[in-house]
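Comments concern the structure below.
Throughout, numbering of the chain's residues begins at 1 and tracks the sequence. A quick note: this is a predicted structure, and the numbers were derived from the prediction, not measured.
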Amino acid sequence: MLDFPRWKVVSIWALLAVLCALAIPTFLPESTTANWPFHPRVNKGLDLAGGSYLMLEADTQDLANTRIEAMREQIQGTMRNGTPRILIGDISTRNNQISFMLRDPSQVDAARERLLGITGGGAGMTGQREWDIQVVDSSRFVLSPTQAGLTQAIKTAMEDATDVVRKRIDELGTREPTIVRQGDNRILVQVPGLGNPQALKDLLGKTARLEFKLVDTTANNPADLAKGIAPIGSQVLPYPGNPSGIPFIAVKRPVIISGNDLADSRQGFDQQTNQPNVQITFNAVGGNRFARVTQQNTGKPFAMIVDDQVISAPNINEPILGGNAVINGGFTVESANQLAIALRSGKLDVNLKVIEESTVGPDLGADSIRAGILASAVAVALVVAFMFVTYGRFGLYANLAVVINVFVILGVLALLKGTLTLPGIAGFVLTIGTAVDANVLINERIREERRRGRSVVQAVELGYKEASRTIFEANMTHAISGIIMFILGSGPVKGFAVVLLIGIVTSVFTAVTFTRMLVAQWIRREKPKTINI
C-alpha cells in the first residue's frame with residue numbers, strides 16, 4: 001500500500017499538473033486566450049453569464065393544414081402519373097378534409113388501391129391508419145385525417161423541429177445552449193450570453209419552407225389578387241417587393257423544386273448592385289431538376305417563396321445548369337444571413353411561436369458568480385482550518401489534496417467543454433466538503449491502529465487499506481444518485497449532476513491515492529517513530 005515507485009510518483013504528479021493547467025484559461029479573459037492553439041474553458045450557464053430564455057409552442061393547426069395540402073398534391077401526382085391514368089376533378093380541402101370526384105366511376109377500386117398506398121399504414125404503435133378513406137355516391141372520395149395520425153405527425157415534427165432549432169442556434173456561434181422538449185408541443189430554449197433575444201426569435205420563427213413555383217401570368221387583375229381569387233390550380237401569395245406595386249401575385253400550386261433539394265446556402269452580395277443576397281446550391285438531384293425545369297420554361301417567370309411569401313419572381317432568361325441560384329429581395333446583411341442559416345439548417349415542418357420569454361441580465365449573473373465564489377472560498381477556508389487543526393501534518397496533506405482537487409475539477413470541466421451553472425457551483429461546494437470525508441475516515445482509522453499498538457508504518461498502511469473499502473462504498477452511493485440525476489434531469493439538475501460526478505472521481509483520486517503517495521514519501525524520508533494525528 002505504501003510502495004510508490006518513481007514512475008508512479010512521476011505519473012501522478014504529471015497527471016495532476018496537466019489537469020490543473022487545463023483550468024488556467026478559465027481564469028483568464030477570452031481576449032487573452034483567443035490566439036492560444038489550445039485553450040479549453042469552462043462555459044458559464046444562463047444563470048451566471050446572463051442570456052435568453054424562450055418557450056416555443058408548435059402551431060398544430062398549421063401542421064394539420066400542411067399535411068392536407070401535401071396529401072392533396074400527392075393525390076394529384078399519383079392519379080396522374082400512375083398506369084392506367086385516373087382522371088379526377090378539382091380537389092377540395094375544406095373542413096379539414098380532402099374530397100374529389102372520379103371522371104370514370106369504374107376506376108373506384110383502382111383509385112382506392114393507390115390511396116391506400118400513399119396514406120400510410122398504422123400511426124405509430126396504435127395500429128390505426130393515418131387517414132380515413134370513404135367513398136360517397138359511388139365516385140366521390142373523402143379523406144379525413146385521424147387523430148392517431150395527427151398525433152404521430154406532431155410527435156415526428158417536434159423531434160425534427162428540436163434538431164432544426166439546435167442547428168440554427170449552433171450556427172449563431174453561441175455555446176452550450178439548453179434545448180429540450182416540454183410536453184407534446186413545446187420546446188424550451190436557453191442561450192447563455194445572448195442579451196438580446198430578438199435575433200434569436202426572428203431566426204427560430206422562420207419556418208424556412210423554400211419553394212420554387214411558376215408564376216400564373218393569366219392572373220393579372222389587381223382586384224382579384226387582393227381578394228385572393230386565383231384561377232383553378234393556382235394560389236395567391238403576398239409579394240411585398242413586387243415591381244408592379246401590387247403586393248400580391250398568383251403562382252401555380254405545383255412545387256417545381258423545394259428546400260429539401262438544397263445542399264448549402266450562404267449570405268453573399270450581388271456583383272452589380274453590391275446588395276446583400278442569399279446564394280443557394282442544390283444537391284445533385286435538385287440541380288438536375290432545376291436545370292430541367294428552367295430548360296422547359298425559358299422566358300417564363302418563376303417565384304422564389306419562403307414561408308408562403310414571395311421574395312422575388314424573376315424571368316428565366318436562359319437554362320440554369322450549374323445547380324446554383326440567387327435569392328434577391330431587398331435584404332440587409334443580417335436578414336440575408338438569418339435566411340441563409342434557416343435554409344442551411346433545414347425547414348421546420350411546424351410553425352413555432354414564442355409564448356414565454358425572459359432575459360437574465362449579466363449583472364444578475366455576476367452577482368451569482370460572486371456569491372458562488374464567496375461560498376466556495378468560505379467552505380474551503382473552514383475545511384482547511386478544521387483539517388489542519390485536527391490532524392496536523394496529515395491535515396496539511398488533505399488540504400493540499402482539496403486545493404488540487406478544485407483545479408482538477410475545473411480542468412476536467414474545461415476539457416469536456418462543460419457549462420457551470422449556479423447549481424453546478426452548489427455541487428462544487430458539496431464536493432469540497434465530501435472530498436475531505438475520505439481523509440477523515442483514513443486519519444481516524446490510523447488513530448485507532450496506533451491506539452492498538454501498531455507501528456507507524458503498519459498503522460498508516462492498515463488505515464488506508466481498511467478505510468478504502470468504506471470510501472469506495474460511500475462514493476458509489478453518491479455516484480448512483482448523480483447518474484440518476486444526470487439521466488433523468490435536465491438543465492440545472494443535469495449541471496449539478498455533472499459537477500458532482502466529476503468531483504466524486506477526482507476527490508477519491510486526490511484524497512486517497514495522492515495523499516497516500518505524500519505520506520509514503522514522508523515516511524520513507526523521515527522514518528518517524530511516532531506521529532501526531
Side-chain angles (χ1 to χ4, degrees), residues 69-70 72-74 76-82 85 90 208-222 224-225 229-331 336 339-340 343-344 347:
E69 183 63 24
R72 185 192 68 79
E73 294 181 2
Q74 198 170 2
Q76 281 184 324
T78 300
M79 298 302 176
R80 180 175 60 249
N81 300 327
R85 183 175 184 178
D90 295 336
R209 187 183 295 120
L210 174 65
E211 297 172 325
F212 288 67
K213 296 183 178 182
L214 292 174
V215 175
D216 189 343
T217 56
T218 64
N220 49 22
N221 188 331
D224 290 341
L225 292 176
I229 300 175
I232 295 175
S234 297
Q235 62 183 138
V236 177
L237 294 177
Y239 184 14
N242 194 341
S244 67
I246 304 172
F248 300 96
I249 192 172
V251 297
K252 296 184 178 180
R253 287 186 178 274
V255 178
I256 58 177
I257 194 168
S258 71
N260 294 330
D261 300 310
L262 283 185
D264 194 16
S265 61
R266 299 287 170 183
Q267 183 267 321
F269 294 93
D270 188 281
Q271 294 182 352
Q272 296 180 348
T273 64
N274 204 35
Q275 291 295 313
N277 59 20
V278 179
Q279 301 172 357
I280 59 178
T281 302
F282 296 107
N283 57 27
V285 175
N288 292 334
R289 184 181 302 165
F290 194 56
R292 185 174 63 253
V293 169
T294 53
Q295 284 176 329
Q296 295 172 351
N297 297 277
T298 301
K300 299 179 182 178
F302 74 103
M304 298 180 180
I305 306 165
V306 177
D307 294 346
D308 294 328
Q309 178 173 299
V310 176
I311 303 299
S312 62
N315 279 332
I316 305 174
N317 296 323
E318 58 184 10
I320 303 174
L321 306 178
N324 299 309
V326 176
I327 303 177
N328 292 297
F331 295 111
L339 178 57
L343 295 176
R344 188 164 62 244
K347 71 180 180 68

Inset, instruction - List for me each residue that meets side-chain hydrogen bond (donor to acceptor under 3.5 Å, both in side chains) alongside Q76, sequence neighbours excluded, and say none if there are none. - result: R72
Inset, instruction - Output all residues satisfying ring-ring contact (aromatic ring centres under 6.0 Å, His included) with Y239, sequence neighbours left out; order by chain, then residue number. - result: none
Donor-acceptor contacts, no H, no angles, side chain residues 296-303, under 3.5 Å, sequence neighbours left out:
from, atom 1, to, atom 2, distance (Å)
N297, ND2, V293, O, 2.8
T298, OG1, T294, O, 2.8
T298, OG1, Q295, O, 3.4

Legend entry - Non-neighbouring partners of A336 that pass side chain to side chain contact (heavy atoms under 4.5 Å, CB included), sequence neighbours left out: Q267, P276, V278, F331
Legend entry - salt bridge (charged side-chain N to carboxylate O under 4.0 Å, His left out) pairs, two or more places apart, involving residues 239-260: E69-R253
Inset, instruction - Tell me, please, which residues at least two apart from D264 pass salt bridge (Lys or Arg N to Asp or Glu O under 4.0 Å). - result: R266
Legend entry - Rounded distance (nearest 0.5 Å) linking atom CE of M79 with atom CG of N81: 11.5 Å
Legend entry - Residues which pass side-chain hydrogen bond (donor to acceptor under 3.5 Å, both in side chains) with T281, listed by chain and number, not counting sequence neighbours: N324
Inset, instruction - Hey, could you give me each pair passing salt bridge (charged side-chain N to carboxylate O under 4.0 Å, His left out) that has a residue in residues 211-220? Not counting sequence neighbours. - result: E211-K213
Legend entry - Closest non-hydrogen atom pair, P254 against G233: CD-O, 4.2 Å
Legend entry - Listed partners of V236 passing side chain to side chain contact (heavy atoms under 4.5 Å, CB included), at least two apart: L225, A230, F248
Inset, instruction - Measure the spacing between CD1 of I232 and CG of D90 and express it to the nearest 0.5 Å. - result: 4.5 Å
Legend entry - Sequence-distant partners of D224, salt bridge (Lys or Arg N to Asp or Glu O under 4.0 Å), two or more places apart: none
Inset, instruction - Just grab all the salt bridge (charged side-chain N to carboxylate O under 4.0 Å, His left out) pairs involving residues 273-295, residues at least two apart or on different chains. - result: D261-R289
Inset, instruction - Any ring pair (Phe, Tyr, Trp, His ring centres under 6.0 Å) involving residues 260-286? Give me the pairs, sequence neighbours left out, ordered by first then second residue. - result: F212-F282, F282-F290
